[in-house]
Every structure is written in structure tokens, then in C-alpha cells.
Amino acid sequence: MPTSLEPALFDRVEDGLKDVIDPELGVNIVDLGLVYDLAWDDENDALIISMTLTSAGCPLTDVIEEQTAQSLDGIVERFRINWVWMPPWGPERITDDGRDMMRAIGFSI
């Protein structure tokens, strides 16, 4: 059973993930609401990032994985992305900051 991250590490990981920009929308994956959960794996040696994408057919998962590796360098030694599709992502998951960012780049949300 995966275990939760301690609060200080959770904050560092979340801050790091704000450097991961969705290549199609130009907003970070945290403020888009794409990150569903952060937890340690069963052995407590790899971070499991449960996240989704704005569309299941997104061809840019490798770009997001590469950005994630760069953003977490020095924060965690190992991570794995667990791509999930349920519940499906919807615009209601976007944070207020994410909405401001999207408006700033021309989206009417």
C-alpha cells in the first residue's frame, strides 16, 4: 500500500512539478489539476505520481515525463508516473492560479 509523503516533501515535490508545463496548454500540470496523488511506492523508495492528461490521446507524455525528471532532480531519487484516466480530467480541476494563467495566454475560462 503506497504511503503518503510527509508535508514538507509534498510541498517541495508540488513546487517542483509546477515547472512541468503542459505542452499543449502552456500551464503547469499542478495548476491544471492533472496531478491526482503523490505517494511512496510499496518499498518507500520511489515516488508515485498519479496523474492524467487533458486528453487520453495526448502524444506528448514523453515530454511531460522528461520535464518531470528535470523538475524533481535533487528532490527525490526515483519516481514513476502512474497514468490514470478515472476520474477523467475536466476544467473544474484547474486551480484559481491556473485559470489566471490560462486567461493571460488568451483562453476564456
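Note that these values count all heavy atoms, side chains included, but never hydrogens, waters or copies made by symmetry. If you're wondering where the values come from, they're calculated on a predicted model, not measured in any experiment.
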Within 6.0 angstrom of Arg103 CZ, more than 12 heavy atoms from elsewhere: yes

Identified side-chain contact (heavy atoms from CB on, under 4.5 Å) counterpart of Leu53 within the set Leu60, Ile64, Ile29, Val84: Ile64

Residue Asp96 excluded, over 12 heavy atoms near CG under 6.0 Å: no

Min side-chain heavy-atom separation Thr52-Pro88 under 4.5 Å: no

Residue pair Ser71 / Leu17: nearest heavy atoms and the distance that separates them: OG-CD2, 3.9 Å

Spatial distance of atom CD1 (Ile81) from atom CE (Met51) [nearest 0.5 Å]: 5.5 Å

Beyond-backbone contact of Lys18 with Asp31, side-chain heavy atoms, under 4.5 angstrom: yes

Heavy-atom pair of closest approach, residues Trp89 and Tyr36: N-OH, 3.4 Å

Closest approach of Ile94 to Ile109 (non-hydrogen atoms, all atoms of both residues): CD1-CD1, 3.4 Å

Considering all heavy atoms, the nearest Ile75-Gly16 contact: CD1-CA, 4.2 Å

Whether over 12 other heavy atoms sit under 6.0 Å from Glu24 CD: yes

Contact summary for Ile49 and Phe79, nearest pair of heavy atoms: CD1-CD1, 3.9 Å

Residue pair Asp22 / Leu34: nearest heavy atoms and the distance that separates them: OD2-CD1, 3.9 Å

CG-CE distance between Asp97 and Met102, expressed to the nearest 0.5 angstrom: 13.5 Å

Arg12 (side chain) donor-acceptor with Val76 (main chain) under 3.5 angstrom: no

Asn82 side, atom CG; Leu47 side, atom CG - distance, nearest 0.5 Å: 11.0 Å

Straight-line distance of Glu77 CD to Leu72 CG, nearest 0.5 Å: 12.5 Å

Side chain proximity check, Arg78 to Asp45, heavy atoms < 4.5 angstrom: yes

Interatomic distance, Ser50 atom OG to Trp83 atom CH2 [nearest 0.5 angstrom]: 11.0 Å

Phe107 and Leu25: CA distance, side-chain angles, deciding distance, side chain to side chain contact (heavy atoms under 4.5 Å, CB included) verdict: CA-CA 9 Å; Phe107 288 95; Leu25 296 178; 3.7 Å; yes

CD1-CG distance between Ile21 and Leu32, expressed to the nearest 0.5 angstrom: 8.5 Å

